[in-house]
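The analysis underlying the following values was restricted to heavy atoms, covering all of them including side chains, and did not include hydrogens, waters or symmetry mates. Just so it is clear, the structure is predicted and the values come from calculations on it, not from any experiment. Atoms within a ligand are numbered from 1 in the order they appear, just like the ligands themselves.
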Amino acid sequence: MLEVTGLEVAYGRAQVLFGVDLAVPAGALACVMGRNGVGKTTLLNAVMGVLPTRAGTVRFEGRDITKMPTHERVRLGMGYVPQGHETFGQLTVAENLRVTWEASGSKDRSVIDEALDVFPRLRPLLKRRAGFLSGGQQQQLAIARALVTRPRMLILDEPTEGIQPSIVTEIEDVIEHLHKERGLAVLLVEQYLDFAMRLADRFTVLDAGVVVHEGAGAELADEGVQRLLAV
Ligand SMILES: Nc1ncnc2c1ncn2[C@@H]1O[C@H](COP(=O)(O)OP(=O)(O)O)[C@@H](O)[C@H]1O
Ligand SMILES: [Mg+2]
């Protein structure tokens, strides 16, 4: 469904990704792992067209989208939840969802309700400004917002980072539900090994902008792999 080949990305003169290959088959949950600063966020931003690529191609369902703007990728069915649960802090929860719905060009308002069904805890907060939500609630809103565009692939960058443990479990359960029950393909950057081991069909380990290991989810239990991830 998603196929990245030979991807190179640089910030000015500082090259960060060096020929990264990555494939996410339809319905799969793929995890990108690696220490801080190895290029995981850069990779997702390039996949979503937030950052330009220096070389390489990104294909989605067979189509070359390497030069396509982000909003068109979203319309093709790619939903993105960037690192740091970014929401529009000055807008209410309801407005955050509505703005995304309007931008998506959808005529079908029921997608907002569907997104709220996934996160019922957001319903009593609809009139609250997003900036006043807890980190966990903001992350739920960020995922709900991505769902409003009805993605077929969900791309999440460290969705449980810095969030209170009780909500981490809820977020993990939602990702599992979307993947297993609704058949969404998922590309996930995750530092927590337990979560990745429980859910990932396959994983890719990055180190200094290079893929240093790839394998099936079960191999994450191997000591050699865990050493690559140790901080
Ligand atoms: N906007 C930027 N300008 C310059 N360098 C950046 C920028 N964003 C990230 N980097 C650098 O790129 C490298 C990879 O960063 P990032 O993709 O955020 O890593 P990760 O998500 O794996 O922690 C790091 O060395 C980081 O300092
Ligand atoms: Mg990152």
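- At a cut-off of 2.8 Å, measuring from the Mg ion (ligand 2), the protein N, O or S atoms that fall short of it are Thr41 OG1, Gln83 OE1, waters left aside.
- Of the candidates Thr42, Val47, Thr41, Asn45 forms a side-chain contact (heavy atoms from CB on, under 4.5 Å) with just one, namely Thr41.
- Every protein residue with a heavy atom nearer than 4.0 Å to ligand 1 is included here: Tyr11, Val16, Arg35, Asn36, Gly37, Val38, Gly39, Lys40, Thr41, Thr42.
- In this structure, the side chain of Thr70 engages the main chain of Met48 through a donor-acceptor pair within 3.5 Å.
- Note on Leu141: it clusters hydrophobically with Leu154, by side-chain heavy-atom contacts below 4.5 Å among ILVMFWY residues.
- A side-chain contact (heavy atoms from CB on, under 4.5 Å) with Lys40 holds for exactly one of Val205, Val32, Thr204; it is Val32.
- With a 4.5 Å cut-off on side-chain heavy atoms, Leu17 and Leu43 count as touching.
- Two residues are said to be in side-chain contact when any heavy atoms from C-beta on lie closer than 4.5 Å; Leu76 and Arg63 meet this criterion.
- If you chain together hydrophobic residues whose side chains sit under 4.5 Å apart, Val168 and Val189 never meet in one group.
- Here the straight-line distance linking atom CG of Leu2 with atom CE of Met153 works out to 4.5 Å at 0.5 Å rounding.
- The environment of CZ in Arg123 is crowded: more than 12 heavy-atom neighbours from other residues, nucleotides or ligands sit within 6.0 Å.
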